[in-house]
Amino acid sequence: MGRFVFKLPDVGEGTAEAELVGWHVKVGDVVAEDQIVADVMTDKATVEITAPVSGKVVALHGEPGAMVPVRGPLVEFEVEGTGNADDAPTPVASAKPDSAPVVAEAPKVETPAAPAVEAPTSGNYVFKLPDVGEGTAEAELVGWHVKVGDAVEEDQIIADIMTDKATVEITSPVAGTVVALYGEPGKSVPVGGPLVAFDVEGRGNVSTPVAAPKPAAKPAENATKASAAISTAKSATSATAPSKPVPALTGRAPGERPSASPAVRNRARDLGVDLTFVPGSGPAGRITHEDLDGFIARGGSQPASAPSGGGSTYAKAQGTTEVKIIGLRRKIAEKMAESVRRIPHITYVEEIDMTAVEELRAHLNATKSKDQPKLNVLPFIARAIVVALRDQPQINATYDDEAGVLTQHAPVHLGIAAQTPNGLMVPVVRHAEARDPYDTALEIARVSGAAKDGSAKREELSGSTITITSLGTLGGVVHTPIINHPEVAIVGPNKIAERIVVKDGQMVVRKMMNLSSSFDHRIVDGHDAAVFVQRIKGLLENSATLWMG
């Protein structure tokens with residue numbers, strides 16, 4: 001018999017600890033693998049924690065209400081085989097003298113000596129995908145950090161998975177050698193389904209030899225392909241050209257994990273780039289977005305130390321590029337497809353004279369105090385939307401088409417479609433109706449910045465009631481925005497440009513902007529869409545009225 005120490009896994013919220021809500025077992029209980037042993041709470045949700053092994057509970061670490069660090073000991077089991085720790089249960093060092101620690105050891109029972117039986121030197125351990133805290137039945141496998149044959153340590157990162165809300169690093173619960181990987185990047189893995197099989201000391205948790213996936217799956221090979229850089233290996237530029245860049249040119253030792261921020265890692269995964277081969281120019285060789293851009297611009301190769309002699313600037317290009325759409329990029333694609341499939345869009349475009357807004361904006365920026373932000377045009381458009389919605393509350397709404405229920409919202413929670421290194425996200429400015437132009441500008445900058453640097457919380461990325469999508473100076477002449485399901489409207493300002501128009505019988509130069517908007521035609525009739533946009537137009541062209549009441 002041996003002892004197995006189960007440590008609190010990463011529950012998928014990006015936090016370093018979780019609150020212990022309650023126990024489902026007590027010392028002395030015999031539990032089965034996958035049986036619920038405890039409930040923990042993160043900042044967002046309560047998560048049921050299940051046992052990774054079968055055995056007898058000999059120690060519980062922590063009391064309900066206490067904080068448990070991720071990868072800190074949670075439950076200790078007596079198991080068959082050698083387990084993963086010494087035989088003596090670990091005491092709870094953090095228990096206060098005046099409180100009774102929830103730790104106990106099963107009483108030892110003297111039994112007659114039996115002939116010694118040599119424990120097996122190695123066994124099979126199948127690690128199943130844990131519940132990552134999003135309440136989903138499955139998660140998408142984004143990429144592998146290991147391959148078959150690798151020796152891994154306990155708590156070493158072995159894979160990245162993505163739920164509907166976040167990318168989570170999955171760590172190994174045991175030390176051992178990888179004998180099988182289940183699944184390819186881009187595929188969904190069910191919670192409780194096999195993820196990795198290990199050869200471990202002791203008996204492991206399965207008695208039969210592990211059946212490796214069929215050769216056609218080639219999980220380790222596919223993991224490498226999914227992270228290979230823009231398929232320069234497929235470009236037959238020379239018969240002797242290496243299929244991948246040389247890792248030594250990155251300045252990292254073989255096997256060393258590249259240093260990069262989560263935003264850079266997520267973007268690299270979306271692009272199918274293996275950061276192992278990307279040189280880093282940041283502190284201590286950290287890979288930046290600029291390094292990634294440069295790597296892609298070079299076609300996925302190392303920077304040349306000197307211009308190649310005799311090569312033509314106009315040489316013929318060869319090969320093709322295959323980029324697997326996985327991770328957040330695939331989630332965005334699915335959401336856009338769902339919106340177009342489920343919502344019959346009607347798009348309405350109107351020309352708006354923004355001269356008055358630009359004059360007011362210039363005046364406010366020239367007279368603002370030091371603690372006030374510089375205003376762009378978005379706070380003015382946001383205010384016009386808020387005021388226009390007062391007369392048409394059915395547009396500030398979400399539609400559950402399966403239940404046939406339209407929910408009209410009194411507050412205006414304004415989604416701001418933002419391009420981030422991880423792809424398109426929609427952070428939310430809550431209660432836009434209660435904000436002045438400076439407060440609106442500050443909140444737009446705050447939530448957009450959080451989305452771009454990956455620090456946005458779940459509530460900051462959900463709950464919008466109507467959305468603005470702006471391409472800034474790249475806004476073009478007109479576009480057809482896609483509604484952010486389950487909302488029923490989206491407003492898309494285009495770029496402001498000086499144009500010659502006729503005003504009061506005279507040809508004058510005015511600052512003009514086209515406003516492109518889309519509506520759910522099941523809820524908003526064409527007439528109502530036109531009335532809404534015309535109201536926005538009137539407010540912007542008479543900008544002094546925006547904050548009058």
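The two residues L414 and A382 come nearest to each other via the heavy atoms CD2-CB, 3.4 Å. Heavy atoms only, all atoms of each residue included: P493 and I468 are closest at CD-CG2, 3.9 Å. For the residue pair A441 and L375, the shortest heavy atom distance occurs at CB-CD2, 3.8 Å. Counting all heavy atoms, side chain and backbone alike, V429 lies closest to V447 at CG2-CG2, 4.1 Å. Taking all atoms of both residues into account, the shortest heavy-atom contact from A489 to I395 is CB-CG2, 3.6 Å. Nearest heavy-atom pair, V174 versus S172, reported as atom, atom and distance to 0.1 Å: O-OG, 2.5 Å.
The distance from atom CG of L540 to atom CD1 of I352, rounded to the nearest 0.5 Å, is 5.0 Å. With rounding to the nearest 0.5 angstrom, the CD atom of E358 is 10.0 Å from the CD atom of E498. Between I536 atom CD1 and E350 atom CD the span is 11.0 Å, to the nearest 0.5 Å. Between the CD atom in E334 and the OG atom in S339 there is a gap of 12.0 Å [rounded to 0.5 Å]. Residue L141 holds its CG atom at 12.0 Å from CD of E138, rounded to the nearest 0.5 Å. Here CG of D293 is found 6.5 Å from CD of E290. Values are rounded to the nearest 0.5 Å.
In this structure the side chain of L8 reaches within 4.5 angstrom of the side chain of V40, judged on heavy atoms. You'll find the side chain of P279 stays beyond 4.5 Å of the side chain of D291, heavy atoms only. By the 4.5 Å heavy-atom criterion applied to side chains, W144 and P185 are counted as neighbours. Looking at T440 and R383, their side chains never come closer than 4.5 Å, going by heavy atoms from C-beta outward. The shortest side-chain heavy-atom distance between L181 and V146 falls under the 4.5 Å cut-off. A 4.5 Å side-chain heavy-atom check between I483 and V488 finds every atom pair outside the cut-off. Two residues are said to be in side-chain contact when any heavy atoms from C-beta on lie closer than 4.5 Å; P411 and H431 meet this criterion. Proximity of S464 to N484: side-chain heavy atoms (C-beta onward) are separated by under 4.5 Å at one or more points.
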Under the side chain to side chain contact (heavy atoms under 4.5 Å, CB included) criterion, do H145 and D160 qualify, and how do the steps go?
CA-CA 8 Å; H145 288 272; D160 293 328; 2.9 Å; yes

Go through I49 and L74 one step at a time and tell me if the side chain to side chain contact (heavy atoms under 4.5 Å, CB included) criterion holds.
CA-CA 10 Å; I49 302 297; L74 186 67; 3.9 Å; yes

Stepwise salt bridge (charged side-chain N to carboxylate O under 4.0 Å, His left out) test for E459 and R430
CA-CA 10 Å; E459 59 266 24; R430 297 193 177 276; over 6 Å; no

Given I343 and Y399, is the side chain to side chain contact (heavy atoms under 4.5 Å, CB included) satisfied, shown in steps?
CA-CA 10 Å; I343 300 175; Y399 180 44; over 6 Å; no

Could you please spell out the steps behind the side chain to side chain contact (heavy atoms under 4.5 Å, CB included) verdict for F295 and I287?
CA-CA 11 Å; F295 184 77; I287 299 171; over 6 Å; no

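The backbone N or O of V477 lies less than 3.5 Å from a partner atom in the side chain of N514, making a donor-acceptor pair. Looking only at distances, no side-chain donor or acceptor of D439 sits under 3.5 Å from a matching main-chain atom of D436. The main-chain N or O of T276 is found under 3.5 Å from a side-chain atom of D274 such that the two form a donor-acceptor pair. For the pair E433 (side chain) and V412 (backbone), a donor-acceptor distance under 3.5 Å is present.
A salt bridge does not link E338 with R341: every distance from a Lys NZ or Arg NE/NH1/NH2 to an Asp or Glu carboxylate oxygen is 4.0 Å or more.
Residue S516 is tested with N494, T347, T469, T480 for a side chain to side chain donor-acceptor pair (under 3.5 Å); the sole match is N494. Just one residue in the list T398, T467, N396 forms a side chain to side chain donor-acceptor pair (under 3.5 Å) with E487, and that residue is T467.
Using bins of under 30°, 30° to 60° and over 60° for the plane-to-plane angle, the ring pair F198/Y125 lands in the tilted bin.
Surrounding NZ of K335 are more than 12 heavy atoms belonging to other residues, nucleotides or ligands, all under 6.0 Å away. Annotation: K187, atom NZ; neighbour count of heavy atoms from other residues, nucleotides and ligands within 6.0 Å does not exceed 12.
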